[in-house]
There are 2 protein chains.
Amino acid sequence: QQKSKHISTFHGEYEEKEKESAFQNVETNFSNVYGSDLLPAWNGEECTKHFLHEVVDIIFSYIKKTLDRKSKVLDFHHPHQLLEGLESFNLELSDHPESLEQILVDCRDTLKYGVKTGHPRYFNQLSSGLDIIGLVGEWLTATANTNMFTYEIAPVFIIMEEILLKKMQEIIGWEEKESDGIFSPGGSISNLYSVLVARYKYYPEIKTKGMAALPEIILFISEHSHYSIKKAAAVVGIGLDNVIVIKCDERTNCLCFNVGCYILFQGKIPLYVSATAGTTVYGAFDPLVNIAEICEKYNLWLHVDASWGGGLLLSRKHFHKLSGIERANSVTWNPHKLMGVPLQCSAFLVHEKGLLQACNQLCADYLFQSDKAYDTVYDTGDKSIQCGRHVDVFKLWLMWRAKGTGGFEILINKFLELAEYLYKELKTRNNYELVFDAEPEFSNVCFWYIPPSLRHIPKGPERDKRLHQVAPKIKARIIEEGTTMVSYQPLGDNVNFFRMVFSNPATKKADVDFLLEEIERLGKDL
Amino acid sequence: QQKSKHISTFHGEYEEKEKESAFQNVETNFSNVYGSDLLPAWNGEECTKHFLHEVVDIIFSYIKKTLDRKSKVLDFHHPHQLLEGLESFNLELSDHPESLEQILVDCRDTLKYGVKTGHPRYFNQLSSGLDIIGLVGEWLTATANTNMFTYEIAPVFIIMEEILLKKMQEIIGWEEKESDGIFSPGGSISNLYSVLVARYKYYPEIKTKGMAALPEIILFISEHSHYSIKKAAAVVGIGLDNVIVIKCDERTNCLCFNVGCYILFQGKIPLYVSATAGTTVYGAFDPLVNIAEICEKYNLWLHVDASWGGGLLLSRKHFHKLSGIERANSVTWNPHKLMGVPLQCSAFLVHEKGLLQACNQLCADYLFQSDKAYDTVYDTGDKSIQCGRHVDVFKLWLMWRAKGTGGFEILINKFLELAEYLYKELKTRNNYELVFDAEPEFSNVCFWYIPPSLRHIPKGPERDKRLHQVAPKIKARIIEEGTTMVSYQPLGDNVNFFRMVFSNPATKKADVDFLLEEIERLGKDL
């Protein structure tokens, strides 16, 4: 660094003349240019501009490839291969800087050896697809690089969070004045909030005195609830033994949380029920109205985990499946699932103003000064169990602007039509069996592929034992080939089966056909 | 939508001919173009490409403006103003889509009415600045749009996490074979992990039986510890009353966690000490070696919260300030603070392999199938209290590649030089007073501005009462003018004072001069 003399002016021009950017050439040559040549380096503007556009070209090529059905969903390598380094792609960190040319190569390789979660034939998780507006939302969020704890440093995002929460509460059917909420890093943390808030509501002394001051409390879930409620119970010191798991069928049509359970746990206090709107594997909807009645009768907190199913509230055709959700005390709803918002975007909503704040606030003076010049009710960060909190709202807000509520509805209806299509296809093909034979209520469809070698074995333990091996073997081959991705799992008495879900806007009926043909192609010799 | 007939081919060409993109013109005109015209829309390539580059131009203009000292750090509006809507910028969500032209306007306005956290004169939080490589890292992460729970869908990022954790553990001074860790959504969640893991280590029955099975345990912190340890105690059911806060001076040079405290709490079991490497306000370093000795003697878990100070480990000049950290059982270290990585990026590191997994795992079948085709030890998601987990590692990995360890060192040394410079400036100016008169150990410098009207009042309650009003009033004016941003707070017996911190690569000495002049300009009539 060449230092010039110190020029201390009121408006603060640079007092040091830094290294001038090495980037002089409009032609893109980054081989002798480094990160230190980018802004805020003196004269770094041209270099930065070219570099950013170069990155966007890389990203755009990747997106095109992602949407090209002839390209693979993934190019699989084992962990040890990536750790040891592939040709030209080694992940080592050194003391010395790499050139921007190498950084661009690293970007290309990172995408190349990753999984194309936006590929029309990627069905592996509840979150899939790549919404361009959502993507741009994340780019802007990264540029703004701020934190959600105070209005002071995130004014626009704090107001957007309020507007989004209000909209979601209104859609659920809650009065604005009685509702509150927060965006959190994922559905598990949102579900954790539900347990925290419920416990605090009944036993506010928990905050200062801890569990020692409480009677033994129990939580109720169904066997198809997401495992995050159990995780929450372990985290908050309630313990897994105090989570009562209610047996039910695939459609959770049993009266899950009945008086029997209540009586069973004499001596322990039933506190909380988590009902699920859209179970992870089967896509079922718990009977919310019935559960709400029981909760009201016995004064239990009703949480509805609509992480997956919440998006259906935007469909005039399907929202009735969540009927009763308006009677919940709290709701988890993940726009990063059915609504296609980039990861992560999860809302925790609670039907009582002030509770979240009371439960979590500690009033740290260095952030939440009470003598600020604006209405500090907008310093919402103390509602959180986090301190710094990533801005997850902008991408959702921008997507909502770009699609309108109606745009989400069109997408979501399409996902359910695809599930219907798959269900009908499976019924017509005799090499496939449904895990349970009922028209899909949601976008999940669960099925077995029965290879020819198993077709003549009667249903029973012998066939089950062999069938249990089929899905993992096919999945291993699919990953090796990289042509599609779909998940499998066992559940209860059902041996390993495939779970299809639709949440990818790029997926078409032909991709469903492709999946079924591909499973058959790779599994018929098993 | 015009539908053509169903063409079901093996390789799955589109079976529906969708609406063709309305974007035909290479000239940028987005007024009649909508989100539904972007990819994956048929023929949406050109439109998408132009749109992405247009967004990058908006972002680039914003970055240039951010780095221009003549531009404001913020253009302040009150919450009700943003809620009601400004000229051309209203945040409402409707049923109908907005054009891409409007989306671009929304992007511009969102940045315009936000806070420029990368501005050379933004000093408000521990995280500031905008690293272009880190920014690009976030863009790519958003494009990849995947989740950290399994190797299957995030192979490259899982390996990057392992490499980064290994590097950080090595820098701390831990043996690789005995170390573990995870990236989490912020320092507070990392600190929460430390309490969870410590509790599980001593009382593994906590997971199933809850706090009812445990004796009453207590945690120790100092009065300058971050409030997140208290939050964690409330969350996990230990309770705030069981967090013992040790008094100490600004430099935390007292023997914080002495035997006295231990004896005081007969009947309750001391479990855990959180020492801080770089306190939030004063930037102090707890005497880690002394605290480690006490913890070893009494068999307490030692957590070091190096959220803020961890970066100093990369400086050969300053790493000795964290001497003793290698004796910690766990460490929080936030690369999004001193190392300038975009928000969020926080590592929780623990010096015992397997503990994090044992504490948190629930082995959900639908994610963590044991019959996968690769080494499932790399399905690290069950270590987490989250399920879905945002990819926070790529931006850090890419920055490390671009800077090398040496690049971070240069930056960090510069931040501490700026603190030294400010300290010396304050000493020479008689309208300023230091909160405590000692050379800064870190990048924090705390001070009062004494307006002329207070200079002749002797130190004492009367002056304190008036001085307490000064910083908030100046801050309110600064925000109104938008020329800079710096935080203030009271602490212990000290009335409201300014806290300066340096973590912004764009900041120069002249910006420090500017701040002092600006405070004087806006405060001299108080």
Side-chain angles (χ1 to χ4, degrees), chain A residues 12 15 35 38 40 55 59 79 82 93 95-98 113-115 117 132-133 136 138 142-143 145-146 153 156 159 185-186 188 207-211 227 234 237-241 342 344 362 364-366 371 373 378 386-388 390 400-402 404-406 472 476 489 506 509-510 514, chain B residues 12 15 35 38 40 55 59 79 82 93 95-98 113-115 117 132-133 136 138 142-143 145-146 153 156 159 185-186 188 207-211 227 234 237-241 342 344 362 364-366 371 373 378 386-388 390 400-402 404-406 472 476 489 506 509-510 514:
Chain A
E15 87 282 19
L38 297 168
V55 168
I59 290 175
L82 284 176
L93 304 168
D95 291 344
H96 305 291
E98 302 284 353
Y113 294 107
V115 173
T117 60
I132 300 293
I133 301 289
V136 157
E138 278 292 72
T143 309
N145 194 29
T146 196
I153 66 161
V156 180
I159 299 301
S188 291
K207 191 170 172 180
T208 48
K209 301 197 186 305
M211 289 294 285
Y227 72 102
I238 290 174
L240 300 177
D241 288 353
Q344 285 184 305
L362 283 174
D365 273 331
Y366 82 97
D371 45 11
Y378 290 93
Q386 303 181 267
C387 172
H390 188 259
W400 213 309
R401 296 278 282 185
T405 314
Q489 64 280 297
K509 285 178 186 168
F514 176 84
Chain B
E15 88 281 17
L38 297 169
V55 168
I59 290 176
L82 284 176
L93 303 169
D95 290 344
H96 305 291
E98 302 284 353
Y113 294 107
V115 174
T117 60
I132 299 294
I133 301 289
V136 158
E138 279 291 72
T143 309
N145 193 31
T146 195
I153 66 160
V156 180
I159 300 299
S188 291
K207 191 170 171 180
T208 48
K209 300 197 184 310
M211 288 295 284
Y227 72 102
I238 290 174
L240 299 177
D241 288 354
Q344 287 183 305
L362 283 175
D365 273 331
Y366 82 97
D371 46 10
Y378 290 92
Q386 303 180 268
C387 172
H390 189 259
W400 213 309
R401 294 279 283 185
T405 315
Q489 64 279 298
K509 285 178 185 168
F514 176 85

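The figures here come from the full heavy-atom set of this structure, side chains too, leaving out hydrogens, waters and symmetry mates. In what follows, chains carry the letters A, B, and so on, assigned in the order in which the sequence lines appear, proteins first and then strands, with residues in each chain numbered from 1.
Taking all atoms of both residues into account, the shortest heavy-atom contact from A:Pro97 to B:Ala402 is CB-O, 3.0 Å. Looking at every heavy atom in both residues, A:Tyr227 comes nearest to B:Leu362 through O-CD1, 3.5 Å.
Judged by distance alone, the side chain of B:Gln386 and the main-chain N or O of A:Gly186 form no donor-acceptor pair under 3.5 Å. One N or O on the side chain of A:Ser188 and one on the backbone of B:Cys387 form a donor-acceptor pair closer than 3.5 Å.
Interface summary for chain A: among B:Pro342, B:Ala373, B:Ala234, B:Gly239, the most heavy-atom pairs under 4.5 angstrom belong to B:Gly239. Interface check for chain A: of the options B:Thr146, B:Ile59, B:Asp95, B:Ile238, the most heavy-atom pairs under 4.5 Å are formed by B:Asp95. Chosen from A:Met211, A:Glu138, A:Gln344, A:Lys207, the residue pairing most often with chain B at heavy-atom distances under 4.5 Å is A:Gln344. Interface check for chain A: of the options B:Val115, B:Ile153, B:Val136, the most heavy-atom pairs under 4.5 Å are formed by B:Ile153. Ranked by non-hydrogen atom pairs under 4.5 Å with chain B, the options A:Ile132, A:Asn145, A:Val55 are led by A:Asn145. Annotation: maximal heavy-atom pairing with chain B below 4.5 Å, among A:Lys209, A:Arg401, A:Gln489, A:His96, occurs at A:Arg401. Comparing A:Ala142, A:Gly114, A:Ala476 by how many heavy-atom pairs each has under 4.5 Å with chain B, the most go to A:Ala142.
With values rounded to the nearest 0.5 angstrom, A:Leu240 atom CG is found 6.5 Å from B:Thr208 atom OG1.
Using a 4.5 Å cut-off between heavy atoms, A:Val156 contacts chain B through both its backbone and its side chain. At a 4.5 Å heavy-atom cutoff, the contact between A:Tyr378 and chain B is made by side-chain atoms alone. Heavy atoms of B:Tyr366 lying under 4.5 Å from chain A belong to its backbone as well as its side chain. Of the two parts of A:Leu93, the backbone and the side chain both hold a non-hydrogen atom closer than 4.5 Å to a non-hydrogen atom of chain B.
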